Amino acid sequence: MMDGDITLASPRFAPSMADRPLRIALLSYRSQPTVGGQGVYVDYLSRALSELGHSVDVISGPPYPELSAATVRLIRLPSLDLYAQPHNGHRALRPRHLISGTDTYEYFGHLSGKFVEPYTFGQRAFAFLKARQADYDVVFDNQTLAEGVLRIQDRLALPLVTMIHHPITRDRRLALDAAPSWKHRLLVRRWYAFHRMQLRVARRLEVITCPSESARRDIVGEFGVSADKIRAIPLGVDQEAFRPMSGVDRSPRRLISTASADTPLKGLPVLIKAYKDLLSAFPDLELVIIGRLREGAAKDMIDRLGLGGRIQFRSGLSRQALAEEFNRATIAVTPSLYEGFGLPAAEAMSCGAPVIVSDGGALPEVAGDAGVVVPRGDASALADAIADLLNDPRKRQEIGDACLARAEDQFDWRAVAPAYEALLRHAIAAAC
């Protein structure tokens with residue numbers, strides 16, 4: 001196996017002899033793809049499992065997913081959806097909510113600055129499946145890691161597989177390091193208080209998957225989970241949508257990056273600083289960021305460097321439109337300080353774009369020997385790597401070709417989905 005390749009078979013998780021179609025409940029506490037990569041993952045996974053012949057119900061809280069497979073059913077578990085309120089939910093409480101302990105906890109927990117959606121979704125998911133447990137063979141939880149979901153495993157005796165994209169302790173640590181004052185650090189600690197629940201739950205789970213060997217090591221180290229409970233399976237890419245497109249020309253001077261949220265984890269200020277440094281040598285260089293410009297460190301840096309008129313932010317794109325953006329880009333950059341996988345890099349690679357990634361988390365696993373890897377948080381190294389490719393069209397083409405070949409080999413859902421199926425069957429066999 002070449003360095004960086006991802007194994008899709010494991011003797012520990014061999015499928016059972018039974019090969020009948022499975023009835024799968026796929027849990028996800030918030031799943032809209034524009035909110036983050038987990039919403040994209042829910043769509044990809046549910047469709048891939050459905051195409052293998054399984055019955056898949058996506059059970060989600062708001063904001064709800066956009067599911068591309070007509071054969072996948074969406075079951076909505078409504079919440080108070082406080083973050084969607086124009087007043088941030090502060091005036092959302094109604095007398096009927098006090099009848100429900102879950103609704104009451106959601107409102108007052110949110111009011112106090114806690115992120116309570118995983119906990120409250122877990123409560124609702126347990127209640128739903130308790131009434132419907134005969135309808136499903138196995139439950140797949142997309143990183144809710146809530147006590148209610150653990151009760152599905154322990155009390156309902158439904159086989160449970162849990163996806164942990166990466167340990168939330170990494171996000172918390174980076175957010176604390178970036179906090180500008182002790183008051184901000186208090187707010188960060190309050191927001192991430194749910195990490196203690198995730199730690200407790202993760203240690204009691206029987207079957208866990210994650211998207212990379214890097215994430216697997218970090219889950220063991222950060223959460224204290226036994227390594228033999230965790231199976232690393234890479235994420236796939238919709239290669240019908242993300243592919244080289246005839247008639248779409250690459251710009252000679254355009255960078256693209258994806259940042260669904262301005263969090264320290266994504267390293268967007270590092271790219272902005274590198275971009276500023278490159279403009280003297282490449283005054284026509286464009287930077288397109290897929291996402292919304294929000295208040296935060298990136299916006300502050302853009303304002304401070306006077307780049308407000310130079311950087312383009314684009315959001316709400318369809319999958320087809322996003323693929324076209326990757327096809328137009330000269331170079332795709334993922335500057336994250338940490339990633340459990342790095343789906344945008346894999347999508348860009350599937351479009352034949354040359355990629356530059358940081359060495360944060362699993363990104364070197366995604367890029368493999370095809371892409372360019374630079375030290376995380378190092379704007380100068382990133383600028384040098386970008387300049388090197390801008391000055392060498394032949395090298396850009398070679399890297400783009402290598403990225404495409406790797407994506408087609410490693411990130412095709414037709415190869416990835418059977419590994420998930422094997423893991424689901426293993427969980428069922430282990431629960432018997």
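Both backbone and side-chain heavy atoms feed into the values below; hydrogens, waters and symmetry mates do not. Remember, it's a predicted structure, so these values are computed and weren't measured experimentally.
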Minimum heavy-atom separation for [X] and [Y], please, with both atom names.
| X | Y | value |
| --- | --- | --- |
| Glu240 | Arg243 | O-NE, 3.0 Å |
| Val188 | Ala175 | CG1-CB, 3.8 Å |
| Tyr44 | Val237 | CE1-CA, 4.0 Å |
| Pro335 | Leu271 | CG-CB, 3.9 Å |
| His54 | Leu22 | ND1-N, 2.9 Å |
| Gly53 | Pro21 | O-CB, 3.3 Å |

So do the side chains of [X] and [Y] get within less than 4.5 Å of each other, counting heavy atoms only?
| X | Y | answer |
| --- | --- | --- |
| Arg314 | Val288 | yes |
| Ile290 | Phe326 | no |
| Leu74 | Pro65 | yes |
| Gln38 | Val42 | no |
| Val416 | Pro234 | yes |
| Leu424 | Leu49 | yes |
| Asn142 | His165 | yes |
| Arg172 | Leu176 | yes |

If you measure from [atom1] on [X] to [atom2] on [Y], what distance do you get to the nearest 0.5 Å?
| X | Y | atom1 | atom2 | value |
| --- | --- | --- | --- | --- |
| Arg376 | Asp359 | CZ | CG | 5.0 Å |
| Ile75 | Leu129 | CD1 | CG | 8.5 Å |
| Leu343 | Leu235 | CG | CG | 6.0 Å |
| Met163 | Ile208 | CE | CD1 | 11.0 Å |
| Arg203 | Ile219 | CZ | CD1 | 13.0 Å |
| Leu287 | Phe313 | CG | CZ | 7.5 Å |

Working for side-chain contact (heavy atoms from CB on, under 4.5 Å), residues Val366 and Glu339: CA-CA 10 Å; Val366 175; Glu339 290 284 355; over 6 Å; no
Taking atom types as modelled, find out whether Asp171 and His195 have a side-chain donor-acceptor pair closer than 3.5 angstrom.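 Looking only at side-chain atoms, His195 and Asp171 do not form any donor-acceptor pair under 3.5 Å.
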Using only heavy-atom distances, determine whether the side chains of Glu222 and Thr169 contain a donor-acceptor pair under 3.5 Å.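 Present: a donor and an acceptor within the cut-off.
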Within 45 degrees of the axis of the six-membered ring of Phe126 and under 6.0 Å from its centre: does Arg151 put its NZ or CZ there?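 The answer is yes; both the distance and angle limits are met.
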Ring-plane angle category for Tyr41 and Phe140, please: parallel below 30°, perpendicular beyond 60°, tilted otherwise.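 Judged by the thresholds at 30° and 60°, the geometry between Tyr41 and Phe140 is tilted.
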Which word best sums up how the rings of Phe115 and Phe194 line up, parallel for under 30°, tilted for 30 to 60°, or perpendicular for over 60°?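 Ring orientation of Phe115 relative to Phe194: perpendicular.
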I'd like to know if the side chain of [X] reaches the main chain of [Y], judged simply by a donor and an acceptor atom lying under 3.5 Å from each other, with no hydrogens or angles considered.
| X | Y | value |
| --- | --- | --- |
| Gln198 | Ile168 | no |
| Ser257 | Ile289 | no |
| Lys114 | Ala193 | no |
| Glu66 | Asp43 | no |
| Thr209 | Arg231 | yes |
| Ser60 | Ser28 | yes |
| Arg406 | Asp369 | no |
| Ser50 | Ser46 | no |
| Arg73 | Asp57 | no |
| Arg216 | Ile230 | yes |

In sequence, state the C-alpha distance, the side-chain angles, and the governing distance for Glu213 and Arg217, and then conclude on salt bridge (Lys or Arg N to Asp or Glu O under 4.0 Å). CA-CA 6 Å; Glu213 290 298 334; Arg217 290 191 297 270; 5.2 Å; no
For Thr102 and Tyr119: C-alpha separation, side-chain torsions, deciding distance, then whether side-chain contact (heavy atoms from CB on, under 4.5 Å) applies. CA-CA 9 Å; Thr102 300; Tyr119 172 81; 5.9 Å; no
How about [atom1] on [X], more than 12 heavy atoms from neighbouring residues, nucleotides or ligands closer than 6.0 Å, or not?
| X | atom1 | value |
| --- | --- | --- |
| Gln312 | CD | yes |
| Arg132 | CZ | yes |
| Arg414 | CZ | no |

For the rings on Phe411 and Phe242, is their centre-to-centre separation under 6.0 Å?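 Not close enough - the centres of the two rings lie 6.0 Å or further apart.
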Could you check Thr144, Thr162, Leu150, Val149 and say which one makes a side chain to side chain contact (heavy atoms under 4.5 Å, CB included) with Val201?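 When side chain to side chain contact (heavy atoms under 4.5 Å, CB included) is applied between Val201 and each of Thr144, Thr162, Leu150, Val149, only Leu150 qualifies.
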State whether Arg124 and Glu117 are salt-bridged, where the test is any N-O pair (Lys NZ or Arg NE/NH1/NH2 against Asp/Glu carboxylate O) under 4.0 Å.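 No, Arg124 and Glu117 are not salt-bridged.
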Strictly below 4.0 Å, N to O, side chains only: are Glu347 and Arg319 in salt-bridge contact?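 Arg319 and Glu347: not salt-bridged.
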Worked check of side-chain contact (heavy atoms from CB on, under 4.5 Å) between Arg47 and Leu67: CA-CA 8 Å; Arg47 186 175 73 175; Leu67 301 176; over 6 Å; no
Check against side-chain contact (heavy atoms from CB on, under 4.5 Å), Ile331 and Ile399: CA-CA 10 Å; Ile331 303 167; Ile399 291 175; over 6 Å; no
